[in-house]
Amino acid sequence: MSTPTDHESPLAPPRTQDELNLEHFSSRLDRPVLMKAPEFQRGDRLRHVVFSGQFNPGMLSELAETADMIRLLSKSRDGQDFLRGLLAHRRAMLYFTQPSTRTFLSFMAACQVLGITCNEVRDPQTSSETKGETRFDSIRMFSSYFDLIIMRSPVAKLAESCAYLMNDLERSGQRSVPLINAGSGADEHPTQALLDIYTLQRTFNFENPNDSPGGDKLERLRLMPGYEGLSKGLENKTYAFCGDIGRGRTVRSLAMLLAMYEGVRLVFISPDHPKLRIRDDLRQRLLDRGVPIYELDSFESLLDGKPVIEQVDALYMTRVQKEHDSPEDAESMAAIDTLKYRLTPELVTRMRLYAPILHPFPRDQHFGEIPPEVDDDPRAMYFRQARNGMWIRAALLAHVMDVDHSIARHFFETYRERHVYND
Amino acid sequence: MSTPTDHESPLAPPRTQDELNLEHFSSRLDRPVLMKAPEFQRGDRLRHVVFSGQFNPGMLSELAETADMIRLLSKSRDGQDFLRGLLAHRRAMLYFTQPSTRTFLSFMAACQVLGITCNEVRDPQTSSETKGETRFDSIRMFSSYFDLIIMRSPVAKLAESCAYLMNDLERSGQRSVPLINAGSGADEHPTQALLDIYTLQRTFNFENPNDSPGGDKLERLRLMPGYEGLSKGLENKTYAFCGDIGRGRTVRSLAMLLAMYEGVRLVFISPDHPKLRIRDDLRQRLLDRGVPIYELDSFESLLDGKPVIEQVDALYMTRVQKEHDSPEDAESMAAIDTLKYRLTPELVTRMRLYAPILHPFPRDQHFGEIPPEVDDDPRAMYFRQARNGMWIRAALLAHVMDVDHSIARHFFETYRERHVYND
Amino acid sequence: MSTPTDHESPLAPPRTQDELNLEHFSSRLDRPVLMKAPEFQRGDRLRHVVFSGQFNPGMLSELAETADMIRLLSKSRDGQDFLRGLLAHRRAMLYFTQPSTRTFLSFMAACQVLGITCNEVRDPQTSSETKGETRFDSIRMFSSYFDLIIMRSPVAKLAESCAYLMNDLERSGQRSVPLINAGSGADEHPTQALLDIYTLQRTFNFENPNDSPGGDKLERLRLMPGYEGLSKGLENKTYAFCGDIGRGRTVRSLAMLLAMYEGVRLVFISPDHPKLRIRDDLRQRLLDRGVPIYELDSFESLLDGKPVIEQVDALYMTRVQKEHDSPEDAESMAAIDTLKYRLTPELVTRMRLYAPILHPFPRDQHFGEIPPEVDDDPRAMYFRQARNGMWIRAALLAHVMDVDHSIARHFFETYRERHVYND
């Protein structure tokens with residue numbers, strides 16, 4: 001165990017007991033992602049899902065296939081019953097001390113698709129923590145009763161530390177269960193990135209007209225002027241993020257995942273405010289990977305000589321997280337022309353026909369980054385994103401709990417059978 | 001979409017964003033019930049359950065039959081397993097932003113009887129609404145993850161508006177799920193009315209001695225002096241409501257349902273206070289239907305020349321909802337002689353032998369509208385009402401989710417089988 | 001019904017309505033345990049589990065056997081499916097108006113092991129009690145919807161009173177369900193005592209090396225100097241409790257259970273403070289049973305001429321429940337040398353090799369009665385205790401719901417089958 005002084009921690013000086021506890025794992029926390037990722041795998045399977053850096057394009061493609069199979073099986077009662085039988089003997093703990101209805105319900109639904117029984121602790125006030133218990137004791141209690149922990153916390157690195165605790169228990173022959181990070185401080189939100197990627201994968205497959213607005217066939221789109229170079233897949237695309245870049249952990253996680261694909265360019269559109277523009281560490285990590293990045297302050301800023309809104313292959317809108325403003329920011333935040341970061345219907349009409357509009361949701365009705373008038377545009381994918389989130393999380397659970405191969409087997413058997421019946 | 005000025009809305013001028021959103025649906029909300037009801041049906045089946053005006057005696061009779069079958073099937077493990085298998089592939093969202101343990105648990109239990117997996121959002125503080133999300137975005141999120149929404153809200157007309165949203169989504173080919181109103185402002189509480197009706201249906205069947213105090217057989221009762229005209233069914237009866245008539249949405253819904261039966265008379269017993277006596281609009285709607293109504297201020301007031309307490313076929317007690325008092329009411333409310341609206345054991349002994357005492361519960365121990373001494377009287381049906389509520393809600397769910405015919409088929413097969421075995 | 005004056009009630013003068021309601025049952029509450037216990041049995045089976053005095057060594061031994069079978073069956077998917085099928089038609093209400101994540105989750109998990117569907121009411125604020133409902137009305141509502149009530153309350157004797165209510169309903173032919181006390185005021189916590197006993201039973205079986213640190217075989221241990229007299233079972237042992245003896249209801253319940261075994265000695269180590277040392281009534285009850293008790297104020301105090309820490313067969317640590325301090329205690333509590341009641345690693349090394357360290361958890365990180373450094377010692381059984389709690393609670397549920405014999409039958413059939421296959 002390292003002491004606070006013998007390493008350069010990105011953490012602020014410890015104040016709460018929880019942060020003190022994190023110190024115990026600090027020497028492990030401070031290593032580069034590439035060194036840490038293998039500890040959260042068992043063979044080629046993820047044991048704990050902690051940060052988005054654990055995924056790679058091959059795994060993302062497999063997860064998307066599993067999600068598609070779960071989605072299709074769920075269309076029939078037989079398929080649903082099969083899926084619900086897979087993990088009916090498993091119990092999950094959803095430990096959400098940071099409020100998030102959306103992520104919470106999405107995981108609940110994903111568990112239920114696979115038959116997992118859910119339990120929850122959401123309000124830290126009702127928990128034993130009010131009696132002075134550490135979060136690590138809580139996590140160990142959960143691992144006594146349940147077979148899987150899905151956790152979301154306002155404390156950065158807590159999920160990762162808990163994964164190390166599980167690893168330590170496993171190593172010493174004690175009970176240990178898989179752990180999934182459902183949002184950890186301003187830090188990581190790997191499954192949100194997963195559903196964003198899955199939504200993009202489906203769009204850029206150009207197969208389902210619901211997912212691929214503006215033409216269900218790549219061939220048809222390619223005939224249109226300016227669309228000649230369009231290709232399938234996530235590669236060779238320009239992705240734009242707009243809004244609260246600095247504090248959006250979903251932006252952070254998704255940007256790092258997209259950076260793993262060939263020929264990708266990333267555009268960050270935000271007010272030029274130190275809290276809102278891209279953070280130095282993310283910029284550096286992207287540059288280290290050789291990804292071209294563009295920092296703009298308007299949808300009208302030029303990219304390749306044209307307004308960027310007309311150039312992007314996908315647009316990721318975000319909510320300005322005012323709840324994280326500090327009092328000293330009040331003046332500078334008030335000076336920002338927020339209207340410039342609202343995606344008006346007029347702007348949408350200028351976007352590429354197939355370019356999906358994403359948003360991690362909830363959107364802010366007061367800020368109005370996406371007004372309701374945009375909802376009916378076929379490019380608005382943010383409601384489909386929610387349901388995609390359920391399927392891809394179910395796929396991730398199936399992977400972690402080792403039933404993804406059963407799903408694939410059943411899917412192909414069912415398919416073959418149907419084929420026979422159709423003959 | 002209409003503007004606030006071009007219609008006569010019963011709504012107060014919009015203040016909150018939620019109320020503003022309701023404006024979007026105002027032109028639809030303001031139509032008469034008869035015009036609206038068909039939009040919430042698909043064929044002869046309810047798609048959304050929004051107000052009690054959607055029910056009619058034929059449908060109420062069918063629902064009661066389904067409820068009776070569910071109740072009887074639930075007496076055996078086989079029957080229970082059959083029922084739980086019916087909707088085991090369905091997930092419900094119970095979205096209760098107005099506290100109500102009783103209605104909430106009743107719906108939970110009803111869902112569980114049919115195997116539906118339940119999810120809940122109860123405290124608006126933990127939800128995404130604190131991040132500025134509209135309720136309509138929340139509802140749409142729920143419809144992404146779940147197959148059924150059961151909602152209760154302090155906002156009048158919100159449930160109805162959400163049902164329109166679901167209709168709009170369905171029309172545009174997007175995912176849409178059935179919605180059930182479990183209480184909406186001071187407005188409607190259709191499933192409470194349903195369980196009140198079901199309790200009355202069972203009582204006036206004169207079949208089960210538990211449901212029909214004072215004699216299980218109509219024929220025996222008819223021999224008693226003054227009971228000669230007694231008949232089966234809800235028709236030709238005098239129903240009294242006592243307590244908080246003005247603010248009781250259960251009174252409102254039940255009165256409108258009873259008004260659909262032949263020969264019904266309605267009595268409203270309450271302090272003569274503008275907040276507590278019958279509201280003008282309900283009075284008018286009942287008069288429009290040609291229902292004789294009587295507004296009295298005491299159990300001793302005369303009806304047909306006798307104290308009303310001795311004349312009623314059923315008595316519906318309610319809690320005075322003090323939590324809705326405004327400060328300016330304090331003086332006038334304090335002046336009310338509340339003792340006059342307490343149903344003492346002495347009063348109960350003067351009631352007709354078979355006349356059930358109902359109460360939507362919870363009762364108020366401090367106001368004491370029904371003191372505990374009454375609980376042991378066979379006319380006290382308010383505890384059986386609770387269990388009736390579970391069965392009739394299960395029947396309603398079975399109807400909406402289209403498994404009521406499967407229940408009937410299974411019930412008669414089981415019955416025939418048993419009959420064969422008995423021979 | 002007795003009046004507050006015609007009996008000597010241990011209750012304070014009634015103040016809240018809940019306490020007033022308790023008066024209704026006071027004449028029954030005030031009887032000795034031996035007279036009350038039979039009312040909570042049906043034949044040789046517990047109907048309601050209210051206080052630990054209902055258990056006896058024979059029943060504790062049977063429950064431990066059932067728990068062991070459930071634990072072993074749960075190791076295979078077949079066994080898990082069998083168990084989950086047993087009570088899949090049953091719905092439980094977990095009514096926890098006193099916060100307790102640990103006990104709550106343990107019961108949830110135990111229910112889920114047996115397939116029971118769980119419902120919960122945890123925050124009294126969201127319940128109908130805010131509308132003036134009595135707790136007895138709430139309990140009766142729960143019994144309308146559910147098949148089992150598991151309740152935890154800050155009000156002493158409330159669970160027992162509710163059990164009487166259930167008995168009264170049963171007697172009058174109305175719906176009534178079993179009730180389990182999951183903690184009732186400062187009074188009783190019978191299932192915690194159950195899991196403590198189960199942990200000791202497993203340790204003193206000397207069979208499983210995980211449960212019996214310091215040597216898995218009794219024979220091997222007996223060869224060590226000073227361990228010659230060691231025997232299997234709970235009899236003839238010295239059990240020590242340390243910490244908050246006065247206010248720890250887990251101490252209270254466990255001490256009374258241990259007192260039923262032959263040759264048991266009980267040691268209470270606590271500051272000599274009137275709130276913390278053993279309460280007079282417990283001391284008297286133990287003395288009445290003829291149990292030798294020792295009240296010490298340090299781990300170093302002598303027992304049989306040696307420091308007690310070296311002499312105990314098991315050590316039960318507890319958290320000082322500061323939340324129950326009254327303002328007038330502040331000074332006297334501050335004067336206590338709390339360091340004396342911390343179990344340091346150094347102290348642990350001096351304990352007997354097999355002596356388990358228990359703790360009802362949560363432990364208090366600030367008080368530090370068990371510092372994390374002790375966790376890795378094989379004597380630290382407090383994490384295994386949690387999982388034991390789940391199994392023994394499942395066994396208790398199986399007993400109350402009358403499926404324990406089915407479990408035994410299935411267990412032996414499975415065992416025989418396996419045996420056949422092995423031949």
Side-chain angles (χ1 to χ4, degrees), chain A residues 1 16-18 20-21 23-24 84-95 97 115-149 165 168-169 171-177 401-403 406, chain C residues 74 76-85 88 96 98-113 115-118 120 122-123 209-210 319-323 359 361-370 372 375-376 378 380 382-391 393:
Chain A
M1 178 175 40
T16 71
Q17 188 63 34
D18 280 323
L20 276 171
N21 287 331
E23 288 297 322
H24 174 68
R84 269 185 304 108
L86 282 171
L87 294 169
H89 58 314
R90 295 300 182 204
R91 293 188 303 278
M93 162 52 57
L94 281 77
Y95 180 46
T97 52
I116 299 171
T117 303
C118 290
N119 291 272
E120 59 183 86
V121 167
R122 293 172 83 173
D123 179 9
Q125 293 309 99
T126 65
S127 95
S128 292
E129 287 165 28
T130 58
K131 297 183 183 164
E133 182 170 76
T134 69
R135 286 180 199 257
F136 292 102
D137 274 5
S138 297
I139 288 285
R140 238 187 125 168
M141 161 181 58
F142 299 151
S143 72
S144 296
Y145 301 143
F146 306 109
D147 307 303
L148 169 69
I149 296 172
L165 173 64
D168 290 349
L169 289 172
R171 208 170 295 122
S172 65
Q174 294 176 82
R175 184 173 167 82
S176 164
V177 304
M401 304 302 279
D402 203 5
V403 291
S406 306
Chain C
S74 291
S76 75
R77 173 75 198 245
D78 275 356
Q80 288 172 327
D81 290 348
F82 164 78
L83 290 168
R84 272 185 303 109
F96 274 54
Q98 186 186 37
S100 169
T101 308
R102 198 168 291 273
T103 304
F104 180 82
L105 293 176
S106 176
F107 266 114
M108 285 283 276
C111 285
Q112 290 163 1
V113 165
I116 299 172
T117 304
C118 291
E120 59 183 85
R122 295 172 81 174
D123 178 8
N210 288 325
R319 184 174 67 84
V320 176
Q321 302 182 35
K322 287 191 290 283
E323 66 273 28
H359 191 299
F361 262 48
R363 61 177 159 181
D364 188 334
Q365 57 175 317
H366 308 296
F367 188 88
E369 69 270 17
I370 303 183
D375 296 0
D376 294 332
Y382 32 89
F383 285 114
R384 291 185 67 78
Q385 234 176 316
R387 201 157 163 85
N388 283 341
M390 179 177 76
W391 300 124
R393 287 188 171 109

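Residue numbers begin at 1 in each chain, while the letters A, B, ... track the order of the sequences.
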So which atom in A/L86 and which in C/R77 form the shortest heavy-atom distance, rounded to 0.1 Å?
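Scanning both residues, the minimum pair turns out to be O-NH1, 3.0 Å.
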
Are any of the side-chain heavy atoms of A/R91 and C/V113 separated by less than 4.5 Å?
yes

Within the 4.5 Å heavy-atom criterion, are C/Q112 and A/N119 side-chain neighbours or not?
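A side-chain contact exists here, since the closest heavy-atom pair is under 4.5 Å.
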
Between CZ on residue C/R384 and OG on residue A/S144, distance to nearest 0.5 Å
9.5 Å

If you measure from NE2 on A/H89 to CG on C/L83, what distance do you get to the nearest 0.5 Å?
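Going from NE2 on A/H89 over to CG on C/L83, the span is 12.5 Å.
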
Less than 4.5 Å to any heavy atom of chain A: does that hold for the side chain of C/F104, its backbone, both, or neither?
neither

Quick check against the 3.5 Å criterion: does A/R175 have a side-chain atom that pairs as donor or acceptor with the backbone of C/R387?
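Side chain of A/R175 to backbone of C/R387: no pair is present.
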
Regarding C/Q365 and A/D137, do their side chains bring together a donor and an acceptor under 3.5 Å, going by distance alone?
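Distance-only check fails for C/Q365 and A/D137.
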
The criterion is ring-ring contact (aromatic ring centres under 6.0 Å, His included); which residues satisfy it with A/Y145, sequence neighbours excluded?
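Per chain and number, A/Y145 pairs via ring-ring contact (aromatic ring centres under 6.0 Å, His included) with no residue.
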
Would C/L105 and A/M93 count as a side-chain contact (heavy atoms from CB on, under 4.5 Å) here? Give the steps.
CA-CA 9 Å; C/L105 293 176; A/M93 162 52 57; 3.7 Å; yes

